[in-house]
Amino acid sequence: MDEEPERAKRWEGGYERTWEVLKEDESGSLKATVEDILFQAKRKRVFESHGQVRLGMMRHLFVIIDSSRSMEDHDLKPNRLTSTLKLMEYFVEEYFDQNPISQIGIITTKNKRAEKLTDLAGNPKKHIAALKKAVDSTCVGEPSLYNSLNLAMQTLKHMPAHTSKEILVVFSSLTTCDPANIYELIKTLNGLKIRVSVIGLSAEVRVCTILTRETGGSYNVILDESHFKELLILHVKPPPASSSSECSLIRMGFPQHAIASMSDQDAKPSFSMSHLDSAGEPELTLGGYYCPQCRAKYTELPVECKVCGLTLVSAPHLARSFHHLFPLEAFQETPLEEYEAERFCEACQGELKDKSVFTCLACKKVFCVECDLFIHDTLHCCPGCINPIHKNFISI
Amino acid sequence: FRLNIEGLLVYFPYDYIYPEQYSYMLELKRTLDAKGHGVLEMPSGTGKTISLLSLIVAYQKAYPLEVTKLVYCSRTVPEIEKVVEELRKLMDYYAKQTGVKNDFLALALSSRKNLCIHPEILHANIVVYSYHYLLDPKIADLVSKELAKKSVVVFDEAHNIDNVCIDSMSVNITRRTLDRCQTNVETLQNTISRIKETDAAKLREEYRRLVEGLKEANVARETDIYLSNPVLPDEILQEAVPGSIRTAEHFVGFIKRFLEYLKARLRIHHVVQESAPQFLKDIYEKVCIDRKPLRFCAERLRSLLRTLEIADIADFSAITLISHFATLVSTYSKGFTIIIEPFEDRTPTIANPVLHFSCMDPSIAIKPVFGRFQSVIITSGTLSPLDIYPRILDFRPVTMASFTMTLARTCLCPLIVGRGNDQVAMTSKFETREDFAVIRNYGNLLLEMSAIVPDGIVAFFTSYIYMENIVASWYEQGILENIQRNKLIFIETQDAAETSMALEKYQEACENGRGAILLSVARGKVSEGIDFVHHFGRAVIMFGVPYVYTQSRILKARLEYLRDQFQIRENDFLTFDAMRHAAQCVGRAIRGKTDYGLMIFADKRYARADKRGKLPRWIQEHLTDGSLNLTIDETVQLSKHFLRQMAQPFRREDQLGLSLLTLEQLQSEDMLQKIAQIAQQA
């Protein structure tokens, strides 16, 4: 395959049998049945998240990105690597949006080695910059699952017990080149309570199945780009904390943003402490967040104070992760035939055509499948409950 | 749970049942009711064994006078152990449900070390053992001849039963056999002269018995106690052993003469083929051995060995073999052929003469079984086309049915690859098999598949020689090196120890994520007995159509016989034989409903209706028009898609109601109707 000149053009990339997607459900085609199962699983996920569970809100997550030869495959456009890195950028943003007090680190593996792209840190900008830079790197050799897991483990094992320690592997290759028995490592990971999840880009690999099963993670294989994105988003939500993890109180600072205008004579421009990490030129700024403990200045939140080690967050940030703890109740599912009132979805105003409709238990408004998923996955609150006069308004 | 199958109460030891199991039991019950024989095809991994056991045991309990015994024959020791395991589960369930202490006696005979104690078989309700105990006349006589007529006999994994029958009746004699036989004769002679000095009365007693004839045996057969033995034909029971071989010395002398004759026959430089009557004529002319004493040879030798009280029969295998040959050759004038070859086909320079006394008619060995037992069930995962088995085994079944696998998701993906990306046809046809382009395309197919299939791939070739040629060629072209960048390569050889080592390492590589390819041969050990569940076999690639080696004289004789006696055309039989082996090979990958795997047939000839139509129904069903005559690229695209689909989470609950039923679901009207469609009567 590699001897051939690179297939750069999309039309050279391979047959996309688009007509197969259009197969009717009744024929019992493979596509239909598998998708049905997938849909059921999706619904289930919504329900599952509604138990009373403790969530590991403070997460330390290492993302391992396979950068081996197989990442050059063109079945994701333009190729697997670019597509993956783009989605990772999105993932990192979402991740910090929903988990403001968590950290992330990125590891890549190729040529039988593993290498840290970024260390565990709580600032999305740095990670995104690193991801952007990685697009140009070449994909060579084989990945090493063992080496990369080991590298992640070296850092994670020093993390305090109350945090949720996770590894997410984006695995494109079907093989791994390991220096030692990986099953021993899996045992160690299990002992350290590190949860490993895998997103496969090509097919189900046995060692990943075992790895995720033993460490309590999830294993999914993508169907296409949109499914890939969906699977990544699943990892944005904090996982339920293992019952044995400790509880502890965490000191946090909520600095006020001090604004000083240029016209203000007393204002003195100063450096932000975060320039200590960055290689770029330090910049003088006027305003910023001041650590309530030591008065060190930062331009961005969330961050861990360089001087006194206090975690600095803003209150809205923290509030945003609340919906994980107080999720919206699942809507009641009823078959379409049994539903007798007007067949309009409360949210999108479209006609209700699917097999079942969904009713909010609080406001008794009715929604379609798509909106039900959107409300539970993204909005986290029922539009019917928030805007009780909405219905009347329409009818007038 | 408890099932009601047309009025019969069946205890089923699992909480869930596959619809096809229910359907299978239904057919089985009808066969038993009709007291006839049956041919049933159901894919492996759908619980054939437990369905068979639970129905027949229930039948035995309900009608103890109609069916007294179940004889379950399987092929290998692990398979027998599996049956026993299931049986134990069933018995535990019975004990728990009925609260009565189990009064069933089940007996399993597996390896030689626990070879049976005779009377126990008579009392056991269930006997589980290998085919050979029933089919091989040498063993059947020891073990099985007293089985009651009202037994139900089941042959599991019976797709090769005709070959087992033939093998059990065929005799191959080499120089080595004759040499060992010579030693046997000498030992016998010494023993006889020793006994003569110490205990002459014993030999006299034997002589008297032989004069009396084999009357006892005759009486026994007439009263229908024994299973008839093909090596002991009816006629000789009515006669006394001829005078010429009655005394021990004479008999040994007789054998010696026979031996010398065989030795002379092996001293040849060209191939000789002759029929049994021709052979008898020749032996009469050369050394004056008559047909009649020859026919008594096997029986006479047995009697002698018994009289001499020789404990270790195994040492006398050579002479026993010769005596069987003598009896068979003089008894059957049809159905056998004698071929004497001065050397093996593969090594034409090394003299290694062999006398093949080969059976061409499988029905000879199995005839007593069909004749004696009221129901004989032949079952396997691959028995297509169903109608050929009754024809070659010469029996009339009351039921013939093929069952499909009900699936919640399509977990098998048969693809027929007919062309390379360069549009050159891909085939192992004799004229083109050495073609550079074909070999390169085969290599490309394996290379591309090795890049997209996770964990294990098993590739089958049509023969060892073909595999060696292709692999050598791949090595020269650098294809092998490229494949090794994706997966490790293991090769099955004719050496059993080497092969099992390769298998072990192959499995290890599949387990730890390295990925591996096993290159093996259709009809080899791997293709028949080894299962590649889940990650051990995500794809099976069948390179070419595994036709049997048609230049073999034995095969030619057999084909001729089939044509003359059963009106089966040579081509039909060869295709049937090739397709059942192909089906066996690709069937290795799917061993249950949660398993999944690609089945790749790499030869354009598979797309033809006469080949395709001979695949088992459960594979044919999934072979759509869109998956015929594909190029390598198309195959890769389809496979990628399939593998991604199959990697989606799949739990047991997803199967419930579709391919896995609770008792309630089973009893619903809809489901019963659906089940009625599962079985297809041939």
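For a residue to count as touching a neighbouring chain, one of its non-hydrogen atoms must lie under 4.5 Å from one of that chain's; by this rule B/V636 does not touch chain A. Interface residue B/N486: backbone and side-chain heavy atoms are both found under 4.5 Å from chain A. Using a 4.5 Å cut-off between heavy atoms, A/D178 touches chain B through its side chain atoms alone. Contact of A/Y183 with chain B is made through the side chain alone, with heavy-atom distances under 4.5 Å. For a residue to count as touching a neighbouring chain, one of its non-hydrogen atoms must lie under 4.5 Å from one of that chain's; by this rule B/C510 touches chain A with the backbone only.
Ranked by heavy-atom pairs shorter than 4.5 Å toward chain B, the options A/C208, A/C177, A/A203 are led by A/A203. Most heavy-atom pairs under 4.5 Å with chain A, from the set B/E511, B/H622, B/K640, B/K487: that is B/E511. Between chain B and the residues A/L211, A/N220, A/L174, A/L145, the most heavy-atom pairs under 4.5 angstrom are made by A/L174.
Both the sub-6.0 Å distance and the 45° axial angle are not jointly satisfied by B/K505 relative to the ring of B/F490. Remark: B/R617 fails to qualify as a cation-pi partner of B/F403 under the 6.0 Å distance and 45° angle criteria applied to the six-membered ring.
If you check the side chains of A/N150 and A/Q154, you find a donor sitting under 3.5 Å from an acceptor.
Classification of A/K86 and A/E225 as a salt-bridged pair fails, no side-chain N sitting under 4.0 Å from a carboxylate O. With salt bridges taken as basic N to acidic carboxylate O contacts below 4.0 Å, none links B/D455 and A/R206.
Residue B/L415 is tested with B/L598, B/L628, B/L623 for a side-chain contact (heavy atoms from CB on, under 4.5 Å); the sole match is B/L598.
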